[in-house]
Each structure stands twice: as structure tokens, then as C-alpha cells.
Asks: 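Let me begin by handing over the structure; questions about it come next.
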Amino acid sequence: MLDRKFILQNIELVADNCERRGVSCDVSQISQLETQRLEKLQLAQELNRQANEISKQIPKASDAEERNALIEKGRQLRQEKDDAQKTCDELDQTILEIQTLIPNLTHADAPTGGEDNAKELGFGKTAKPGFDFQPLDHLQLGEKHDLFDFEGGARVAGAGFYFLRNAAVRLDLALQQFAINFLCERGFTPVATPDVALTEVLKGTGFNPRGPETQIYSIENTELNLVATAEITLGGMMSGQTVSASELPIKVCGLSHCFRTEAGAAGRASKGLYRVHQFTKVEMFAFTLPDQSAAIHEEMRSLECELFDALEIPYRVVDTASGDLGGPAYRKYDLEAWMPGRGEGGQWGEVTSTSNCTDYQARRLNVRYKIDGEKGTHFLHTLNGTAVATGRAMIAILENHQRADGTISVPQVLRPFVGSDTIGG
RNA sequence: GGAGCGGUGGCUGAGUGGUCGAAAGCGCCGGUUUGCUAAAUCGGUGAACCGGGAAACUGGUUCCGCAGGUUCGAAUCCUGUCCGCUCCGCCA
């Protein structure tokens, strides 16, 4: 969420930004509501001050009559105060609801537009494979090597769930191991997170667990929801905390399962493992000082590149366009891996994404930092980035590393974890 | 799941319904002293929000796990809830 004062002082800028992001929202309404709220707030505070004064006089009252008169006066003042406070709270709630809809500001260099307007920034070290045979998609490869059981998954949990089998399990674990090791060596603290989180935490990180378009599975009769990404739990981990500036940046990598309903995704390319209701992900997350976040965003992007270079997967990097950023991100880079089995003759498919959320999540989650020796506190910046989402990474590995005989070469760096050089054969 | 106890400032830890944003100690910051360090000593030391001020700063409101309630007035009494600890039961 954006700072309320900032919104009020920059109504046009914020409204323009909403439009650029494709979010419809009555920004100007906040202004008058806030004026009313402040009036009521000041009234409530003044009444409360008067009531406090009266209360202090009561023990000093000289006789019962004076005492009773003061008590009555105090009672009245508190009643008036409660009324003013109630109106104030209601206004605050209304403003907050609008405020929550307003997306983060947008980096000046981020392209404007939707999905098709993403700007290509570069490519990985691995070239697209030139097959001299008809390549199979990951489903066909899975069939051949008994890697997935979608029918069984559907019987157990419905469409969109699946079993991994045999080498797919080992590949899945290998990817997690490799990513965790990789990030530990680069200063990230590994964290295995809860797979559920409270509704408040979801909202704080910018996820809305209600409504028809929600991506979130909620657990009935509780405030708990299955997480869609460890970003939720890692951000929530520090909610309400104030940390010393000297402790920043805090860099963690979280391992969690991710659950997504994929509501409204029907009809989109969703063959096999690409769009599923559950997958496993290693996620980078950082809490930083405001002037560190841009550099750490670049660092996360380059770590993602290093990882996918190490996995020998061809990819491109894109700068996501304004309409495709989601609420919290100020800027977002995606890595799109080449997936030979997608569409006709292959397509790019998103495998990672890293966002600089500036203070947008921190404000809602109330995570602050304090500079030693200085008065007051400030909101810190949060960033997140996928290290590896195992399902999609697996698609890229299987489809890019297949050979004419149908066997699949395991990327060098994963071989120690997988326990073999080849799948099949 | 049952029984008991507890949640207070950066930490430890007092707290009588009104004078408590809260004793004391530790820590931290600043001064004095000291050849340096240590010690001693004096002073200061929470946050959010609203208002005044160019600013240093200053007036006010709120905050003693959280949410309600009683009361003119709640850290203090009542209810609910969450969390922690101990004991018992159950369990991967």
C-alpha cells in the first residue's frame, strides 16, 4: 500500500499510475474522506483531552455534589468522544479499502502496456537446442520414462494435481538442493517456511484471499490459507517488527510448497506441469534499506541468470510491462525459459520472476527499520525473486535436454543430487 | 485434549483503580574524571498519530500480548482470544 500522505499530495500522479497499470480506482475520493477523517480525529482527541481533565479533578472534588456533577460531565464527554471516534474509524476503514486497491508506483524504465509489451533485456549463455529429430514435449517424455501421474493426481485431489514419479522426484529434490546450496553460498539464510499463513499476512503481502479471481485456497472456518508462494510467509515473518538499519539487508531463501487455484486461467496454455495447483519453490527474499533495493533487485536477477545458466537452460530476461506487474511490484524482471514442447515449435515460458516492492509491502505489514542514534523509524524495502520453481524448471530441463533416442541428459550441476547422468537409457 | 502459571519499555523486572509512559537495574547516548582502557560519577534515553514551528523543538491523543466489557477514570477488575512455560494424556 502507498503512503496516505503521499497519495494526497500526488493525486494526479497516483491516478495516472493506476491507469498505466490498468487498475481502476477512485483516487480523488480519498482526499475528501481524509479531510473528514482528520476533523473527526481532532474532535475525538480534543473531547478525550477534556474528559481526561475532568477525570483528574474528580478525586479532588470537595463534596459529593461537585463530584457527581463532574462525573456526569465526564460521562457526557466520553460519549461524545466515542461517537466521533466511531465515525473516524469508519472513515479510516473506507479509505483503507481504496488505498489497498492502489498499486505501487512504477519504475520509470519499466515498459508501459500489458503482457506483450515486456521488454527483452537479454539472453542466457545456453543456446536454444537445434534438434535434428522431432522433439517431444515434457508430457510425452514423462510418459516414456514414467515421470508423472496426472490421472492419479486428479483422482486424489482433482485436476491440476499430480504425482511425480521416479526420476522426476529426484530431479525435483535435486533442483531444491542445488538452489538452496547455491544461495547459501551467496549469503542467503535458508528457511523452510509454513505452507499456510493468516489472512492478514496475505493481505499485507498484497494477496487477496477473497473474491472470484482469487488465486488462494483458504481453509474453511479459519483465518488460514495455503500459501501461493513463500514470499507470503517470508514477508510476514517480520511483520510488525522494527529492525536496526545496521542489520540490513536481510537476505533469506525460503523453501515452500505453493498452492494456486488458477481461477480464471481456464483456456490459457496449461498443458501438463506448466500451470498446476501445487508446486515446490525456492524463493529469495530480502529486507533492505531504501537505497539498497535497486542494487539487490539487480543482484537477484543476476542470481537467477546464474542459476539457469548452471542448469544449462536457454532463457531470455524481460522487463515486465506496467499492466502486468501486479499490485506490490515497482519493477519486475522475468526469466522465460525456452520450452521446445510449448505451442508450435516451442515458446518462451516464465520460470522465475523477481520484484522490487519498495516500501509497498512493508507499509502494510508494518516492517520498519531504525537508524541507531536517530529518532523515529522508517519502512524498509522488500524484494522477492524465484530461485527455482521445480515444476517449470523441470519442463525446461526435460524438453531442452532430450536426445534423439528419447533419453534426457541431466544438467551437470544436478548429477550429484539426481544420482545419474541420464534419465532413461 | 486436561491442569496450573505467565505475557509490562532494547533486555531483566516492580506495579496500590486516579499523581503511571510506567520504579529499579542492565544496556545505550552525552558530560565530568582518568595517560589509554577499565572503573567512578552526573545527565539523557520508546513508538505511532494529530496540531504549531523554517528548524532545534513543542502542545495533544493513543500504546503495558490482542479484542471487548465494567467505570467519570483500567497496566491494575471482568469476559473472550492468541502466544509462551510447566505437568499429564495422545501422537508423526
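Letters A, B, ... are given to chains in the order of the sequence lines, protein chains preceding strands, and every chain is numbered from 1.
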Asks: Could you state the CD1-C1' distance from I58(A) to U71(B), rounded to the nearest angstrom?
Replies: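 It is 10 Å, rounded to the nearest whole Å.
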
Asks: Using atom P in both nucleotides, what's the gap between A23(B) and U19(B) to the nearest angstrom?
Replies: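 To the nearest whole Å, 13 Å.
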
Asks: Taking the basic N atoms (NZ, or NE/NH1/NH2) and the acidic carboxylate oxygens, is any pair closer than 4.0 Å for D319(A) and R331(A)?
Replies: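 Counted as a salt bridge, because a side-chain N and a carboxylate O are separated by less than 4.0 Å.
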
Asks: Would you call R260(A) and E262(A) a salt bridge, using N to O less than 4.0 angstrom?
Replies: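 No.
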
Asks: If you assign each of L70(A) and S55(A) to its closest nucleotide in RNA chain B, which residue comes earlier from the 5' end?
Replies: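 Checking each residue's closest nucleotide, the 5'-ward one belongs to S55(A).
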
Asks: Without decimals, in angstroms, what is the distance between I71(A) CD1 and G18(B) P?
Replies: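 These atoms are roughly 15 Å apart.
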
Asks: Should the pair E34(A)-R37(A) be classified as a salt bridge under the 4.0 Å nitrogen-to-oxygen rule?
Replies: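 A salt bridge is present here (some side-chain N lies under 4.0 Å from a carboxylate O).
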
Asks: Could you tell me if R186(A) sits above the aromatic ring of F182(A), with its cationic atom closer than 6.0 Å to the ring centre and no more than 45 degrees from the axis?
Replies: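 Yes - R186(A) lies over the ring of F182(A), closer than 6.0 Å to its centre and within 45° of its axis.
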
Asks: Roughly how far apart, to the nearest Å, are G17(B) and G69(B) at atom C1'?
Replies: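 15 Å, rounded to whole Å.
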
Asks: Tell me whether the count of non-hydrogen atoms from other residues, nucleotides or ligands lying under 6.0 Å of NZ in K251(A) goes above 12.
Replies: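 Buried by this count: over 12 neighbours within 6.0 Å.
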
Asks: In this structure, is the centre-to-centre distance between the rings of H297(A) and Y333(A) below 6.0 Å?
Replies: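 Yes, they do, as the ring centres are separated by less than 6.0 Å.
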
Asks: Scan for ring-ring contact (aromatic ring centres under 6.0 Å, His included) pairs involving residues 73-111 of chain A, sequence neighbours excluded, and state none if there are none.
Replies: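 Checked against ring-ring contact (aromatic ring centres under 6.0 Å, His included) - neighbours excluded - the pairs reaching residues 73-111 of chain A are H107(A)-Y330(A).
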
Asks: With Watson-Crick and G-U wobble geometry limited to distances under 3.5 Å, how should the secondary structure of RNA chain B be encoded in dot-bracket form, using | for bases paired to another strand and [ ] for crossing pairs?
Replies: ((((((((.[[[..)..(.....]]]((((((.......))))))(((((((....))))))).[[[[[..)....]]]]])))))))....

Asks: Does the pair R4(A)/D92(A) count as a salt bridge with the N-to-O cut at 4.0 Å?
Replies: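 Salt bridge between R4(A) and D92(A), a charged N being under 4.0 Å from a carboxylate O: yes.
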
Asks: How does protein contact run along nucleotides 45-64 of chain B, one letter per nucleotide 5' to 3', with B for base contact, S for sugar-phosphate only, - for none, heavy atoms under 4.0 Å?
Replies: --SSSBS--------BSS--

Asks: Nearest whole Å is fine: how far is G73(B) P from Q79(A) CD?
Replies: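 Rounding to the nearest Å, CD of Q79(A) and P of G73(B) are 11 Å apart.
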
